[in-house]
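Working notes, structure below.
Counting begins at 1 with the first residue of the sequence. Since the model is a prediction, treat every value here as computed from it, not as a measurement.
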Amino acid sequence: MTSQPAPRPPSDDDGLPPYTAPAWYTRRIPVGPDRPDATPIPWYAVGQGTPPPQCHICLAQPVAVKEIRSHTGLVFWGRTRTIAEPLCRQCGIALVRTMTTRTLWQGWWGVLSLLFHTPAALAQNSAAYRQFRDLPASLPPPGRRSLALGKPVLRRPQAYVALLPLAGTLALATVLIRTA
């Protein structure tokens, strides 16, 4: 039985010249003692570019990046949730519908929420919906699923809870105008 020699550790003196990046490459990506965190791109990745963005949920393409907001109004303050991820058409529309419905039934229950935050969230969601609607339909890769679209916002009963604070505000405004 013969034993194999132990592999020798790599050394700087393997007979290969050290790699020196070309001038055009080092101008684009500064590497040096003043930037120790900057490392050159490997030679095999030069010129490949970045891959196109994929949907954050189902990995489908094409995608759009638009902020979707949900606002919950509390008596003296409110809470806003924001999603700003690349989303495909179906996932984007599904999230806009869900978060808009949540805003319509939970967003009006505070003074600042009634006047500023909820209308701003609804306007921003409307713009996001138009952008996602204009995307072409896409299929996720095998093994991934898009979000279910669900019912449109105005066919969800929670959306009509917004009529209560709006009716109360309208009644209050009417009383204030009549007494003035």
Side-chain angles (χ1 to χ4, degrees), residues 19-74 77-108 110 112-162:
Y19 173 74
T20 306
W24 62 267
Y25 184 69
T26 55
R27 275 194 308 270
R28 286 184 41 200
I29 303 171
V31 177
D34 56 331
R35 287 204 46 201
D37 59 327
T39 56
I41 300 172
W43 64 270
Y44 50 83
V46 175
Q48 291 182 354
T50 57
Q54 298 175 327
C55 178
H56 183 70
I57 296 168
C58 70
L59 304 180
Q61 294 173 343
V63 297
V65 179
K66 193 73 176 168
E67 281 190 359
I68 306 171
R69 292 182 184 254
S70 170
H71 182 75
T72 302
L74 305 169
W77 64 87
R79 179 177 53 219
T80 299
R81 295 184 179 128
T82 302
I83 295 177
E85 300 289 342
L87 298 169
C88 68
R89 182 180 199 271
Q90 184 161 339
C91 294
I93 290 174
L95 275 175
V96 166
R97 287 178 177 179
T98 301
M99 294 180 80
T100 300
T101 303
R102 184 176 295 141
T103 299
L104 282 172
W105 74 279
Q106 293 178 346
W108 303 98
L112 290 175
S113 297
L114 176 66
L115 298 175
F116 301 109
H117 298 296
T118 298
L122 293 175
Q124 189 167 14
N125 288 355
S126 176
Y129 175 76
R130 286 191 302 274
Q131 186 173 358
F132 288 124
R133 184 191 60 200
D134 292 341
L135 285 175
S138 59
L139 290 173
R144 300 298 295 231
R145 296 183 65 156
S146 298
L147 294 177
L149 284 176
K151 295 179 182 178
V153 173
L154 296 179
R155 292 195 182 155
R156 299 177 185 209
Q158 299 94 339
Y160 293 102
V161 173

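Annotation: side chain of L59 is not in contact with side chain of P140 (no heavy-atom distance under 4.5 Å). Side chains of R89 and R133 form a contact here, defined as non-hydrogen atoms less than 4.5 Å apart. Counting heavy atoms from C-beta on, the side chains of L104 and Q158 never come closer than 4.5 Å.
Taken to the nearest 0.5 Å, the OG1 atom of T101 stands 10.5 Å off from the CD atom of Q106. Rounding to the nearest 0.5 Å places CE of M99 at 6.5 Å from CD1 of I68. For the atom pair CG of N125 and OG1 of T103, the computed distance is 6.0 Å after rounding to the nearest 0.5 Å. We find the SG-CD distance between C58 and Q90 to be 7.5 Å, quoted to the nearest 0.5 Å. A distance of 10.0 Å separates OG1 in T100 from CD in Q124, rounded to the nearest 0.5 Å. Rounding to the nearest 0.5 Å places CG of L87 at 12.5 Å from NZ of K66.
For residues 126-161, there are no ring-ring contact (aromatic ring centres under 6.0 Å, His included) pairs, not counting sequence neighbours. Judged as a salt bridge (Lys or Arg N to Asp or Glu O under 4.0 Å), not a single pair has a partner in residues 148-161 (not counting sequence neighbours).
Contact detail for H71 and A121: the closest heavy-atom pair is CB-CB, 4.4 Å. The two residues L74 and S113 have their closest heavy-atom pair at N-OG, 4.4 Å. Contact between C88 and A60 at its shortest, heavy atoms only, is CB-CB, 4.1 Å. Nearest heavy-atom pair across P62 and S138 is CD-CB, 4.1 Å.
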Take L149 and R97, measure what side-chain contact (heavy atoms from CB on, under 4.5 Å) needs, and give me the verdict at the end.
CA-CA 8 Å; L149 284 176; R97 287 178 177 179; 3.7 Å; yes

For side chain to side chain donor-acceptor pair (under 3.5 Å), just list the numbers for R130 and S126, CA-CA rounded to whole Å, side-chain angles, deciding distance to a tenth of an Å, and then say yes or no.
CA-CA 6 Å; R130 286 191 302 274; S126 176; 2.9 Å; yes

Worked verdict on L147 versus I93 for side-chain contact (heavy atoms from CB on, under 4.5 Å)
CA-CA 9 Å; L147 294 177; I93 290 174; over 6 Å; no

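Although no hydrogens or angles enter the test, the distance criterion places no donor-acceptor pair under 3.5 Å between the side chain of R81 and the main chain of T72.
No more than 12 heavy atoms of other residues, nucleotides or ligands lie within 6.0 Å of CG in L139, so this atom counts as exposed by the packing criterion.
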